[in-house]
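Data block below; observations after.
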Protein chains: 2
Amino acid sequence: MSEVGIKEIAARANVSTATVSYVLNGTRNVKLNTRERVLRVIEELNYRPNNAAQSLKRKRTNTIGVIAEDVTVFNVPEIIDGINDCADKMDMHILLTNLRLDKRIGRNFDQTDRYRHFADNAVSELLSKQVEGIVYIGVHPRDLTGLIDTLGKPIVYAYCYTQSEISIQYHDEQASYEAMAYLVKKGHKRIGIISGTMDSIPSRLRFNGYYKAVTEFELPFDPQLIKMGNWEAESGYWLTKELMELDERPTAILAMNDVMAVGVMRAASEMNVQIPRDLSVMGFDNREFSDYLIPRITTMDLPLHEIGYQAMDSLALMIKGEQAVRKPMPECKLIERDSVASPRLR
Amino acid sequence: MSEVGIKEIAARANVSTATVSYVLNGTRNVKLNTRERVLRVIEELNYRPNNAAQSLKRKRTNTIGVIAEDVTVFNVPEIIDGINDCADKMDMHILLTNLRLDKRIGRNFDQTDRYRHFADNAVSELLSKQVEGIVYIGVHPRDLTGLIDTLGKPIVYAYCYTQSEISIQYHDEQASYEAMAYLVKKGHKRIGIISGTMDSIPSRLRFNGYYKAVTEFELPFDPQLIKMGNWEAESGYWLTKELMELDERPTAILAMNDVMAVGVMRAASEMNVQIPRDLSVMGFDNREFSDYLIPRITTMDLPLHEIGYQAMDSLALMIKGEQAVRKPMPECKLIERDSVASPRLR
DNA sequence: CTGTTAGCGCCTTCAG
DNA sequence: CTGAAGGCGCTAACAG
């Protein structure tokens with residue numbers, strides 16, 4: 001710990017500790033002369049107030065806890081960045097806990113029991129560290145109601161859902177609707193869709209968007225065009241093969257994530273189907289790699305930064321005891337690249 | 001702050017605060033009976049010791065600060081994860097500061113002045129929070145000597161170099177040597193190399209590895225095979241075109257990062273050069289996208305987790321006042337995929 | 001404008 | 001085996 005304290009400063013500057021505190025915090029006017037003297041000593045000794053003592057006294061830490069299910073999962077860093085962006089502005093600090101769920105239990109999110117104790121521990125330690133609130137960042141959008149109990153401390157969930165607390169999410173349904181609208185605008189009518197696992201919230205929501213578009217734009221509704229994938233490239237690959245074997249092929253495929261879109265591309269390349277000339281493809285998530293594929297794929301960008309920012313913003317409000325105002329749900333943005341073209345007339 | 005303190009517990013359990021403290025910390029034997037009584041009250045009131053008070057008293061926080069130049073840059077999360085992995089084991093907590101350099105100043109790392117104050121502030125606040133040490137995570141390997149002053153507190157740099165303190169890096173030279181050795185083993189002799197900007201340490205180190213391989217394996221040394229890129233895909237693209245216009249084409253290209261390897265692939269696809277049949281390509285970094293390209297590209301994986309782990313480990317030693325032992329430098333691992341084949345005989 | 005002082009919640013020595 | 005009490009470094013009355 002830094003050895004020098006307020007007392008030492010006071011002694012050296014020939015003032016009382018109170019005065020030092022006042023110049024430090026600007027809580028009261030101090031004669032220019034003395035102030036400068038104090039400041040000089042502070043400078044000389046490289047003094048920095050002991051935050052632990054301050055917190056103890058002030059009963060405020062200006063610190064929030066962030067629990068990330070896994071910082072190495074693609075969506076998390078950008079959300080943290082958003083939290084940070086906002087926290088910086090309100091002079092809040094971040095105590096980060098990384099649950100390392102991906103490494104510890106893989107993708108078995110349904111088995112809550114396998115990670116509840118990790119979360120509980122994290123909360124407990126954060127609470128002990130006197131955080132004023134918590135942001136919980138999930139790695140996959142799902143319902144987390146009842147996962148943790150913060151004993152009344154404010155908490156905001158980011159990138160996941162909960163029924164009892166506040167959670168910040170992006171507008172999944174709107175996103176897939178927008179993707180479809182774009183495809184339609186390009187002239188597509190027969191549009192295949194490769195979904196994620198159907199027990200997941202994003203899959204359902206994105207499907208809603210798809211369905212809404214099918215209805216509104218009066219597209220042919222053909223169940224054969226709807227394929228259930230599992231988020232992995234493999235499934236994109238096989239389902240594309242199925243789609244292309246249909247009597248009436250789709251002219252475009254919307255994959256519910258970029259990874260499956262890669263599967264689509266692999267299948268296409270194998271079948272000598274050229275993208276986007278013979279088949280248009282859209283992904284979802286705007287993963288980094290989507291910009292490096294050949295062709296670069298058109299996809300929906302997730303408003304991750306905004307999710308983090310809003311989460312922090314709402315949390316700050318709650319900490320201040322104000323009612324968190326419901327802001328409009330952050331929306332995805334279509335990133336137009338090279339994997340979509342107008343269908344060729346045959 | 002949690003309202004209930006040790007005093008309340010003591011009162012309710014009909015013991016002194018000292019006793020509560022003893023059962024909490026196991027600092028002394030307490031009669032089973034009383035212990036259980038105390039524990040019960042603690043449980044009932046959901047009591048958690050106030051860490052600020054503990055720290056103040058104990059003069060230990062069990063917390064280290066992590067300063068990340070930018071958490072959204074690809075290498076950083078995995079390093080944080082490594083730090084975490086190690087910190088967990090020693091029951092240390094992490095106070096994360098995200099400098100957000102990429103968003104704030106882009107890639108202008110040479111202009112130290114533009115971000116020194118961010119770093120200084122971060123250190124200052126961390127010090128005030130009584131961290132016992134600091135890990136600084138750079139976003140690009142470079143010499144950071146003199147960037148910050150921690151006033152004697154232990155600091156370890158990860159993923160960057162420094163002359164005055166301890167820094168953890170991976171073995172860049174060995175990595176590119178190994179990449180070359182692999183290419184040679186596959187039968188390549190004329191191997192083109194596309195470097196990063198030549199004022200960067202990794203470029204120089206990776207070039208050393210290349211050169212060492214050229215010498216040891218007695219490959220034809222042809223300056224025309226050496227191209228200076230700038231880490232971006234564009235440069236990979238143009239330099240590949242140059243390489244392929246040579247009278248004697250290379251049969252393989254080693255790009256000093258995966259991004260430039262994408263440029264190589266774009267150029268190849270445009271020139272109807274098939275990878276890996278007509279040209280082998282290797283990347284560097286094992287970026288996520290390298291596994292999604294078609295073909296999936298062979299690349300060198302960076303030991304990011306290990307770097308973080310070692311950094312934390314060394315820091316812990318320094319905090320304990322022990323001399324940090326120099327461990328062997330973490331090494332890259334070759335990830336064999338589909339972009340390298342043996343050259344065809346003509 | 002400045003100083004004195006009582007705690008914040010906890011740990012720990014000393015005394016029983 | 002248990003309790004009383006001082007003090008960690010700082011803030012904020014209260015008093016001058």
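All values below were derived from every heavy atom in this structure, side-chain atoms included, with hydrogens, water molecules and symmetry-related copies excluded.
Distance CD1 (B:I9) to C1' (C:dG9): 12 Å, rounded to an integer number of Å. With rounding to whole Å, B:K7 atom NZ is found 16 Å from D:dG3 atom P. When the C1' atom of C:dG9 is taken as reference, atom CZ of B:R58 falls 12 Å away, rounded to whole Å. At whole-Å resolution of the value, NZ in A:K59 and C1' in C:dC10 are 13 Å apart. As rounded to whole Å, 11 Å separates atom C1' of C:dC10 from atom CD of A:Q130. One interatomic measurement links the two molecules: CD1 of B:I6 to C1' of C:dG7, which rounds to 16 Å at whole-angstrom precision.
At D:dT11, one or more side-chain N or O atoms of A:Q54 fall inside 4.0 Å of OP1 or OP2 (strictly under the cut-off). OP1 and OP2 of C:dA6 both lie 4.0 Å or more from every side-chain N or O belonging to A:K57. At the phosphate of C:dT4, neither OP1 nor OP2 sits under 4.0 Å from any side-chain N or O atom of A:S16. For A:Y22, no side-chain nitrogen or oxygen approaches OP1 or OP2 of C:dT4 to under 4.0 Å.
Between the side chain of B:S128 and the backbone N or O of A:P49 there is at least one donor-acceptor pair closer than 3.5 Å.
Comparing B:A18 and B:A53 by the nucleotide of DNA chain C whose heavy atom lies nearest to each, the residue mapping closer to the 5' end is B:A53.
Residue-level contact check: B:S21 touches the bases, meaning some heavy atom is under 4.0 Å from a base atom. Counting non-hydrogen atoms under 4.0 angstrom, B:V20 reaches nothing in the nucleic acid.
Side chains of A:N51 and B:Q130: a donor-acceptor N/O pair is absent below 3.5 angstrom, by distance only. With hydrogens and angles left out, the side-chain atoms of B:T72 and B:K103 include no donor and acceptor closer than 3.5 Å. Side chains of B:N62 and B:R60: a donor on one and an acceptor on the other come within 3.5 Å. Using a 3.5 Å distance cut-off with no hydrogens or angles, the side chains of A:N98 and A:D70 do not pair a donor with an acceptor.
At a non-hydrogen distance threshold of 4.0 Å, B:N25, B:R28 from residues 24-44 of chain B come into contact with DNA chain C.
Judged as a side chain to side chain donor-acceptor pair (under 3.5 Å), and not counting sequence neighbours, B:N75 has no contacts.
Among C:dG9, D:dT11, C:dC10, the nucleotide with an atom closest to any side-chain atom of A:L56 is C:dG9.
Remark: B:K327 NZ is packed, more than 12 non-hydrogen atoms of other residues, nucleotides or ligands lying under 6.0 Å away.
Ring-plane geometry between B:H140 and B:F109 is classed as parallel, the angle between the planes falling under 30 degrees on a 0 to 90 degree scale with a further cut at 60.
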Review point. Side chain to side chain contact (heavy atoms under 4.5 Å, CB included) between B:L126 and B:I134: does it pass, once the steps are laid out?
Key: CA-CA 8 Å; B:L126 253 16; B:I134 290 178; 4.3 Å; yes
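Each end of the helix from C:dC1-D:dG16 to C:dG16-D:dC1 yields a helix axis from five base pairs, and these two axes differ in direction by 40° (to the nearest 10 degrees).
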